[in-house]
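The block underneath contains the structure these notes are about, expressed in structure tokens.
Residue numbers run from 1 in the order of the sequence given. Counting convention: from 1, in listed order, for ligands and their atoms alike.
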Amino acid sequence: MVIELAESLGFALCGIADARPSDYADQLRDWLAAGKHGQMRYLADHAAARADPASLLDHARSIVAVADFYPTQPAAPPISPAPSGAAGRIARYAWGDDYHKTIKKRLFALADALRERHPDAAFRCVVDTAPIPEREHAARAGLGWVGKHTLLIHPRHGSWMLIGLVLTTLELNPSERMGWPARTAPPADHCGTCTRCIDACPTGCITPYSVDASRCISYLTIEHRSLIDGSLHEPMGDWVAGCDVCQEVCPHNQREGREALPMHPAYAPRPPAPTVDLGEVLGWTEDDRRAAFTRSALKRIKLDMFKRNALIAAGNHLSRRDDPGLRQRIEQIAADADEPALVRETAQQVLMRLLRQPGPAGRR
Ligand code: B12
Ligand code: SF4
Ligand code: SF4
């Protein structure tokens, strides 16, 4: 019944797990102790709560896990054309509507439908922000396994998915599954000896089953609020919002015959996705940022952070080819006392790096 409800609400996958504590509380503690969370203090603040679903909902017995799939095509999005010739890439999960809202609305509908049948039960809907390891519970519910890059991968449908959970005091039947008809146990780890994500990660931040978030491009572009260490600029490449490299190289997202599950229509790409014009972003006002990111998960990237990201990508563009107009714009920003410190100082970092480089990048 839960599965049918989830299907009717347009979720691509749904499964049920017992609401038991995390098996990986020690890993989380070690990860935090090593400072791998960077500036994401909320992860450290709620570490104890994160380990036990009962901290989010008293007497939680079951967890319903659901997933939406987002665009998998084109396989390699065009990096141009941008009017200035310099483009920055946006990660696929953020090409369309904000998944927090898209998923949460339907989780509430799922919980409401269950509440009608079970008025004494309690429910708590979570997407992303609550202290709970969503991937671990979704894996237990049979939606996939946690890969070496730490993302949940469905053996037939890959990893281009976003997850939501409903915690409930109801005792639900854990063997009830959708998108997973033939099995009743969570899928085994199919990473085997593969190390493609580890080898391809531009900043080298993946060790098997752990990501040093403080060096992950997704964190740097979306969560990190201050200057980005110069040593990470070049590896950041064209990314200005998130990063998809570890998923793009994963064989489970590429295999011939992989069954593409229908993408939820809310995630259909709309401008400015999949790329932004870096020259334009450097001239954005707060209103431009708001207009570009209305209904998008990227709203959380502040204007000065997004310009910082665009400057770094512009520096990488200039290290490959001459673009006097773009370079002049960076020089203006570096010297403009009215620019926010984060933007001005990033422009200075970028120019310093270009000056140190031989070839077209170093030329003025
Ligand atoms: C903080 C966060 C980030 C951080 C840190 C990422 C990380 N790897 O921890 C940053 C900003 C870097 C990030 C990036 C991205 N994120 Co994010 N992120 C989160 C968030 C909010 C918390 C994750 C967390 O607690 N991390 C701390 C680590 C230590 O915990 P953990 O990895 O969850 O692992 C625990 C268990 O899973 C367990 N575990 C489970 N199985 C196994 C197996 C083994 C062998 C071991 C050792 C451990 C283990 O160990 C841990 C201890 O509790 C979750 C939502 C949520 N509440 O879970 C989304 C979430 C993980 N992110 C998501 C997405 C889509 C992304 C990006 C793809 C976005 C992008 N394109 O840029 C990237 C991917 C980067 C990557 N390779 O992980 C999705 C993942 C969907 C999926 N298919 O798995 C989530 C679930 C959001 C959602 N609601 O859909 N993210
Ligand atoms: S999202 Fe990018 S930087 Fe982060 S772990 Fe994956 S490949 Fe590495
Ligand atoms: S690229 Fe290979 S090691 Fe990494 S998650 Fe995919 S299968 Fe696992």
Side-chain angles (χ1 to χ4, degrees), residues 13 21-32 34 36-40 42-44 46-47 50-51 65-70 89-95 99-100 103-104 126-140 143-155 157-165 186 189-224 232 235-237 239 241-255 297-298 300:
L13 297 175
S22 170
D23 291 332
Y24 298 99
D26 292 351
Q27 275 90 343
L28 175 63
R29 198 199 46 228
D30 294 349
W31 188 81
L32 290 166
K36 292 185 176 179
H37 56 303
Q39 296 175 349
M40 296 182 291
Y42 68 94
L43 290 171
H46 303 287
R50 196 164 282 270
V66 295
D68 272 350
F69 280 72
Y70 53 93
R89 284 184 74 176
I90 294 175
R92 286 161 198 273
Y93 82 93
W95 284 3
Y99 68 96
H100 302 94
I103 295 181
K104 206 145 196 191
V126 300
V127 185
D128 216 27
T129 47
I132 186 162
E134 291 174 357
R135 294 175 277 199
E136 181 178 353
H137 293 291
R140 282 180 184 165
L143 269 53
W145 82 95
V146 175
K148 287 183 190 170
H149 54 17
T150 75
L151 295 165
L152 189 74
I153 311 173
H154 188 284
H157 310 301
S159 69
W160 299 114
M161 60 171 136
L162 295 157
I163 302 163
L165 306 177
D189 184 324
H190 292 279
C191 284
T193 56
C194 175
T195 56
R196 280 200 215 176
C197 54
I198 297 169
D199 302 338
C201 173
T203 62
C205 70
I206 308 177
T207 46
Y209 307 101
S210 179
V211 164
D212 179 352
S214 70
R215 296 172 53 81
C216 172
I217 295 166
S218 183
Y219 162 82
L220 293 169
T221 52
I222 300 173
E223 305 290 339
H224 189 76
L232 293 165
M236 287 172 68
W239 295 104
C243 168
D244 284 334
V245 173
C246 50
Q247 296 192 85
E248 281 175 349
V249 299
C250 179
H252 297 279
N253 281 343
Q254 292 165 354
R255 217 177 26 214
L298 301 182
R300 61 188 285 107

(Q) Strictly under 2.8 Å, is atom 2 (Fe) of ligand 2 approached by any N, O or S atom of C246? (A) no
Q. Around atom 8 (Fe) of ligand 3, how many protein N, O or S atoms are there at under 2.8 Å?
A. 1
Q: Look at atom 8 (N) of ligand 1 and say which protein heavy atom is nearest, naming residue and atom and giving the distance to 0.1 Å.
A: T150 OG1, 3.0 Å
**Q.** atom 76 (C) of ligand 1 [closest protein heavy-atom partner, distance rounded to 0.1 Å]
**A.** H149 O, 3.7 Å
Q. What is the nearest protein non-hydrogen atom to atom 73 (C) of ligand 1, stated with its residue, atom name and distance?
A. S218 OG, 3.7 Å
**Q.** Y219, any N or O under 3.5 Å of ligand 1 N or O
**A.** no
Q: Would you kindly specify which portion of I217 sits under 4.0 Å from ligand 1, judged on non-hydrogen atoms: side chain, backbone, both or neither?
A: neither
(Q) Regarding atom 42 (C) of ligand 1: of the candidates Y24, Y93, Y209, Y70, which has the closest heavy atom? (A) Y24
Q: Could you tell me whether A200 approaches ligand 2 through its side chain, its backbone, both or neither, with non-hydrogen atoms closer than 4.0 Å?
A: neither
Q) Protein heavy atom under 4.0 angstrom of atom 40 (C) of ligand 1, is there one? A) yes
Q.
We want to know whether R135 and T150 form a side-chain donor-acceptor pair, criterion being a heavy-atom distance below 3.5 angstrom.
A. yes
Q) Can you name the nearest heavy-atom pair linking K148 to C197, along with the distance? A) CB-SG, 4.2 Å
Q: Distance to 0.1 Å, residue and atom name: give those for the protein heavy atom nearest to atom 3 (S) of ligand 2.
A: I217 N, 3.2 Å
Q: Please name the pair of heavy atoms, one in P21 and one in R140, separated by the smallest distance, quoted to 0.1 Å.
A: O-NH2, 2.8 Å
(Q) With the threshold set strictly below 4.0 angstrom, can you tell me whether any protein non-hydrogen atom sits that near atom 44 (C) of ligand 1? (A) yes
Q: Kindly say whether P131 contributes a backbone atom to a donor-acceptor pair with the side chain of Y42 at under 3.5 angstrom?
A: no
Q. Nearest to atom 35 (C) of ligand 1, what protein heavy atom do you find, and at what distance?
A. P133 CB, 4.1 Å
Q: Give the residue, atom name and distance (to 0.1 Å) of the protein heavy atom nearest atom 26 (N) of ligand 1.
A: R135 NH2, 3.9 Å
Q. Considering only the protein, which heavy-atom contact is closest to atom 87 (C) of ligand 1, and what is its distance?
A. D128 OD1, 3.2 Å
Q) To the nearest 0.1 Å, how far is atom 66 (C) of ligand 1 from its closest protein heavy atom, and which atom is that? A) L151 CD2, 4.4 Å
**Q.** Nearest neighbour in protein (non-hydrogen) for atom 68 (C) of ligand 1
**A.** Q247 NE2, 3.4 Å
Q: Mind listing the closest non-hydrogen atom pair of L298 and Y93 along with its distance?
A: CD2-OH, 4.1 Å
Q) Are any non-hydrogen protein atoms located under 4.0 Å from atom 79 (C) of ligand 1? A) no
Q) Taking C-beta and beyond as the side chain, do E136 and Q27 meet within less than 4.5 Å on heavy atoms? A) no
Q) For G242, is at least one N or O under 3.5 Å away from an N or O on ligand 1? A) no
**Q.** Backbone or side-chain N or O of V211 under 3.5 Å from ligand 1 N or O
**A.** no
Q. Quick check: does R50 get an N/O under 3.5 Å from an N/O on ligand 1?
A. yes
Q: Answer side chain, backbone, both or neither: which part of D244 comes under 4.0 Å from ligand 1, heavy atoms only.
A: side chain
Q | Per-atom contact, atom 58 (O) of ligand 1, protein heavy atoms, under 4.0 angstrom | A | yes
Q. Which bit of A130 gets closer than 4.0 Å to ligand 1, counting heavy atoms only: side chain, backbone, both or neither?
A. backbone
Q) Counting each atom of ligand 1 from 1 as listed, which ones have a heavy atom of M161 under 4.0 Å away? A) 81 (C), 82 (C), 83 (N)
**Q.** Per-residue contact class, F69 against ligand 1 - non-hydrogen pairs under 4.0 Å
**A.** neither
Q) Side chain, backbone, both or neither: which part of D244 has a heavy atom under 4.0 Å from ligand 2? A) neither
Q: Say whether S159, considering both its backbone and side-chain N or O atoms, lies within less than 3.5 Å of an N or O atom on ligand 1.
A: yes
(Q) Please report whether atom 31 (P) of ligand 1 has a protein non-hydrogen atom at a separation of less than 4.0 Å. (A) yes
**Q.** A91 N/O under 3.5 Å from ligand 1 N/O
**A.** no
Q) Would you say ligand 1 has an N or O under 3.5 Å from any N or O of I163? A) yes
Q.
Pairs of nitrogen or oxygen atoms closer than 3.5 Å, one from E134 and one from ligand 1: do any exist?
A. yes
